[in-house]
Every structure is written in C-alpha cells, then in structure tokens.
Amino acid sequence: MATDKKSKLKARLPRGLVDRGPGEIAATQAMIDKIRAVYELYGFEPVETPAIEYTDALGKFLPDQDRPNEGVFSFQDDDEQWLSLRYDLTAPLARHVAENFQNIALPYRSYRFGFVFRNEKPGPGRFRQFMQFDADTVGSASPAADAEICMMAADTMEALGIPRGSYVVKVNNRKVLDGVLEAIGLGGAENAGRRLTVLRAIDKLDRLCIEGVRLLLGEGRKDESGDFTKGAGLGADDIDAVINSIAPTAASSAATSPTSSLKAESASFSVSGGEAILRGPEADILGYISNRRQYFPDSKAYQTGLEELAQIAALCVSSGYDQDRIRVDPTVVRGLEYYTGPVFEVELLLDTKDEKGRPVRFGSVGGGGRYDGLVSRFRGEPVPATGFSIGVSRLQAALALIGEIDTTPAPGPVVVTVFDKARLADYQAMAATLRKAGIRAELYLGNPKNMGNQLKYADRRRSPCVVIQGSNEKDHASGTPHVIVKDLLLGAELAKLDKDREDYLARQEEAQALVPEADLVAAVRKVLQRHGIG
RNA sequence: GCAGCUGUAGCUCAGUUGGUUAGAGCGCCUGACUGUGGAUCAGGAGGUCGGUGGUUCGAGUCCACCCAGCUGUACCA
C-alpha cells in the first residue's frame, strides 16, 4: 500500500454523481411509496428491467470514433457487442414487451422505478445518474389511455404533497406542430434537420421568450456569453405562422418584454379572437381547440392532432380534472424524434429561492407521451403505447427546497457506554436487552478511555439517550445494581444557559435518571416517549 | 462542444505596485476542570498556494499551455 503522501489516492467522486445519506434515502423511499400507491390505484403493475441493455435496443447508434459514448455510457461485451447503461425506463420497457409479447395481455399497464444514466454535462439539479419513476400503457391507441396518464400524473403530484395550483400537467400533440411545419413547406425527409431546429427553438420558449424563439426560427441568436446559435432560417411569414401556432396572441405584436412568455402560456388556456366564451373550463378548452381548427384546414396531421387533443381534454374534464390540473399547451414539444402524438409535461409553478436568495425555476419534473414506434421497432406489427416518467431526483430536490420533505435526520440509537473495559460483556448484554425490547441500541465501540468522548459520540449520532453504569451504580447502596439513563436531548436544553462548569454539571444531573438495572427498558422508553421517538 | 469567470489548510476566505520562515476564523486532534456533550483555558496537527513550463536576483502574485470547478450556451432519448 502506498503510505507516503505523494502517492496516496485522492478520494473523489466523478462529477455529476452524488452520494446519498440516510435523510435523502428515507425521503426517496417515502416518495416512491406515494407514487407507487397512486399507480397501483390506476391498475398498473410493477415490472423491472436491468440497468444494462444492448445499445441498439435503446435506439442509439453505436458509439463512433469521433464522439464515443455521446450521451450514453457504453462498453463492449466479451463478444464485442455494444452494451449501454439505460438512459430512460421507456426504451427498456419497449424491449421487454416486444421480447415477451406472447405472455403479456394487452393493453398492458406497468410501472417501474430506478436509476438511469446520461453521459452529459451536469448542472444544478442535473446529474449523470438519477432516479425515474415510469408508467406506461402498451397496446392501446385510445386517447383514453393518454387522458388516464395525465390524470394519474396530476394525482401523483398531489399525493406527493404539491398543492393544486402549484403544478400543472401540460398536454400537446406533436401532430399539430407537424402539420404546421408541413404547411410552411418543411415536410418531407429532406427537411428533417430544419424541422428539428424549429422544434428545438419552440422548446426554448419558456427561457428565451417569444423574441428569442423568433431569432432562432430566423437567422439565429447570440446569447449573453457571445456564443451564437444558428437558426432555422425561416422567412418572416413562416416565422409568424409558427409563432401563431404556439402563441396566437403574440404573433402579430412585436413582443419584446420578458413577460411575453407568460402571454404565450396564458394563451394556452384562454379563447383567443374574441370568440364568445362559454362558461366553465370545459367550454373554455374545447372552445380554444375548435378555434384553432380554422387554421391549416388542409393539413390532415394538424386536424388529427387537434381532434386527439379535444378528446383527451374532454375525457379529463368529464372525470373532474379541470384546467387547474391539466391544460392544453401548444408550446410543449419534448422528445424530438421519439414521440408520435400526444406529449405531456408536468411543470412546477413554485416560486422559491435557493440558499443564496436567487429565484429558482424548477420547470419540468416529469414528462411523457405517446410513442407508437418504439415497440413496433422490434416487431412487424404496430404496437401503440403511451407513458409518463417522473424525475424523482429532481422532484425531490424541489420538494426539499419548499420544505415538503423533512430533512431533519432521524434520531440515532441508544448508546450503551463503556465505563469499565473489563465489563464489556455486561454492557453488551444491556444493548441486547434493549434490542430485544425493540429499541435501537448499540454498544460504544470506540476507545472507551473517558466518558466525555463517548457522550460526544452519542451526541453526534443523535442518540436520544445513553446508558451509563460505573462502580457507583453497579454497587448501589440499596444492594441491587443500578444504571443511569441520561437524556441527551433534555441535557442539551438544560445546559444552554450555564457558562460555568459547576452549574453545567449540576444541570446534566437533572437530565439523567438512576434506576435499578431491571428497569432499564422502562427508563429508556420513558425518554423515547418524552421526545416522541417511536 | 463553445464562451466567460474562478482555483491559497478539511471548510470559508485574507495575502498590498512581485520581496524573508504563506496567515485568520471555523472545524479537527491532545490535555486541564474528581465520572458527563456545552462554555472556558493550554497545546498540536494540517498547505511543494490546481499542474507544467517561462520571465525575473527573487513568483501565491506576471506570461503561456494544460487540468479542474462554477455560470451561461449547445445537445438532451
């Protein structure tokens, strides 16, 4: 082993990865339980797949020489076949369903959670390993399947303690945008690249506002660091057509203010064009959709997309899910070359500050959509599917910041201190007695040379109390051996005001009970009850 | 990937126009206060100043390159 300082190994975690302690693990577990309960309620059943798949099953091309492992972590098996760590839970599910097609009753509702891996630049709230919780319905092309996913997403947010109004499930349909792109002459395989550029620009609306998107649709945009992003190179009329399709109220006006993105969002749930507004949310959203139908009447994709949206909206509304929970939002893009119809996104609307007092936007904590091509890749026949994933890690960070997650560490075990090294067996027996009574307990395993260190240790362990037995207690005047049960939490309270040692020690005496050894369990229970530790 | 900013003790940071043995606070370790967390007091450990090369009599300080981190941007199934 290397012992000199120069050659010693530096302990370090690769960037974008985190270790997680007991508090975070407990919080994650609590979230998972809540999510699972909602999914089970909707009739979904668990299925688990491994973290590693054949690279081609994930739909990625083999890593090439220039940019190996772009986006995914990949490596070669003994037989030289490429394997990858999964980057989501949907593609592996598609593989699972295709591989076990005979044994699965369609439509198949399933859920799973686990870590996924992305080899990308990490950032605040973005990691290279993070947890997703995924649910999918495979084998149904019905908009009812999509609507159900949306309602389930809304229920899940509320089960997690996010109040109604602090989140929104946004729904859009890729066919609508496809129709618009087709109408402005970007149809066909030869325009795939420009279509992507347009979709990416739209996806940035929430950050860049209307004007930024306009630039990206046209020549391009320079950001504040001076970096230039090339645009889609559309003409002015085409840009207007695209902007109009995602934000009708902003299309004709030269929106430049930072609030223009808000206008775009509000357009998604209000009827534009002065049309008579019927009462109630149902009329509102369906009215909006029917209003949109007047554009691109010849585009089949556009009209089909709106029809599907109308059906999803109607289904949600008829089940009581109004626009305070689920909304149609024409700016949602997601999964550029993945989703084939409806797309969903769950956004947190919380207004919070980080440790440095800067405002934080959580944005999307979950998303999904219909992916009719993903299973059929493996089979000759079409297999429609729709699903939804929650970013558990990101959502947990958000919940922690708004105080919805209890971050105070759990209390530690009772610590049995070692006063006399020769009597280790006796102390060990006390710990065993406590454990038999169902009380978390441990024997002090460090160097027991003085009591101060042992108490300091117990304090840092967050122990509610310690057990002490020295010769004074062992040889108690009554003839029966006694023990001291010292309440550390109470002791900390009592000690606050005193600054001289005599007072301090006197106060410490108050926080401890001298009881016969036979009453050890009862005395410890009393302390636990005092502090509400079950 | 591109751009900007930043790298000094475990942590947060000082360190003057380049000038002796690079400092502080907190934390950590040892001890004192009869067998008790805190407070107090007395000691102690810990840094080739991110790395390499250069300019200079002399570099933590100036220059070049590299590495790492942060922020923005691009990509993001």
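Throughout, a chain's letter reflects where its sequence line sits, starting with A, and its residues are numbered from 1. Note: hydrogens, waters and symmetry copies are ignored here, and every other heavy atom, side chains too, is used.
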With a cut-off of 3.5 Å and sequence neighbours excluded, list every side-chain donor-acceptor pair involving residues 502-514 of chain A.
residue  : atom : partner  : partner atom : Å
A:Arg507 : NE   : A:Asp498 : OD2          : 3.1
A:Gln508 : OE1  : A:Lys486 : NZ           : 2.3
A:Gln508 : NE2  : A:Gly491 : O            : 3.4

Using the test ring-ring contact (aromatic ring centres under 6.0 Å, His included), find all partners of [X] that sit at least two apart in sequence or belong to another chain.
| X | result |
| --- | --- |
| A:Tyr39 | A:Phe133 |
| A:Tyr457 | A:Tyr444 |
| A:His531 | none |

Select base, sugar-phosphate, or nothing to describe what [X] touches, counting heavy atoms under 4.0 Å on all strands.
| X | value |
| --- | --- |
| A:Lys204 | sugar-phosphate |
| A:Asp420 | nothing |
| A:Arg15 | sugar-phosphate |

query = Expressed in whole Å, how much space separates the C1' atoms belonging to B:G19 and B:U61?
reply = 11 Å
ask   = Who are the side-chain hydrogen bond (donor to acceptor under 3.5 Å, both in side chains) partners of A:Thr229, not counting sequence neighbours?
value = none
task = Can you sort out the partners of A:Glu517 under side-chain hydrogen bond (donor to acceptor under 3.5 Å, both in side chains), two or more places apart, ordered by chain and number?
result = A:Gln469
By salt bridge (charged side-chain N to carboxylate O under 4.0 Å, His left out) - contacts of [X] (at least two apart):
| X | answer |
| --- | --- |
| A:Glu48 | none |
| A:Arg194 | none |
| A:Arg95 | A:Glu53, A:Glu99 |

Residue [X], side-chain heavy atoms: nucleotide from [options] that is nearest:
| X | options | result |
| --- | --- | --- |
| A:Lys121 | B:U73, B:G35, B:G37 | B:U73 |
| A:Arg200 | B:G37, B:G35, B:C76 | B:C76 |
| A:Arg118 | B:C76, B:G37, B:C75 | B:C76 |
| A:Ala492 | B:C75, B:G37, B:U73 | B:G37 |

inquiry  = Would you compute the distance between atom CG of A:Leu217 and atom CG of A:Asp238 and round it to the nearest 0.5 angstrom?
reply    = 9.5 Å
d([atom1], [X]; [atom2], [N]) in whole Å:
| X | N | atom1 | atom2 | result |
| --- | --- | --- | --- | --- |
| A:Glu120 | B:A74 | CD | C1' | 11 Å |
| A:Leu455 | B:G35 | CG | C1' | 10 Å |
| A:Arg126 | B:U71 | CZ | C1' | 14 Å |
| A:Glu509 | B:U36 | CD | C1' | 9 Å |

query = Are more than 12 heavy atoms from other residues, nucleotides or ligands located less than 6.0 Å from atom CD of A:Glu219?
reply = no
query = Residues from residues 128-140 of chain A sitting under 4.0 Å of RNA chain B, heavy atoms only?
reply = none
inquiry  = Using only modelled atom types and a 3.5 angstrom limit, is any donor from either the side chain of A:Gln512 or the base of B:U36 paired with an acceptor on the other?
reply    = yes
query = Do A:Glu473 side-chain and B:G35 base share a donor-acceptor contact under 3.5 Å?
reply = yes
query = Using a cut-off of less than 4.0 Å, is there contact between a side-chain N or O of A:Tyr87 and OP1 or OP2 of B:C76?
reply = no
query = What would the secondary structure line of RNA chain B be in dot-bracket form, counting Watson-Crick and G-U wobble pairs under 3.5 Å, with [ ] for pairs that cross earlier ones and | for pairs with another strand?
reply = (((((((..((((.....[...)))).(((((.......))))).....(((((..]....))))))))))))....
Side-chain ion pair, A:Glu120 and A:Arg128, N-O less than 4.0 Å = no
Might you list the N or O atoms of the protein lying below 3.5 Å from N or O atoms in nucleotides 29-33 of chain B, with each pair's distance?
residue : atom : partner  : partner atom : Å
B:C33   : O2   : A:Arg501 : NE           : 3.1
B:C33   : N3   : A:Arg501 : NH1          : 3.4

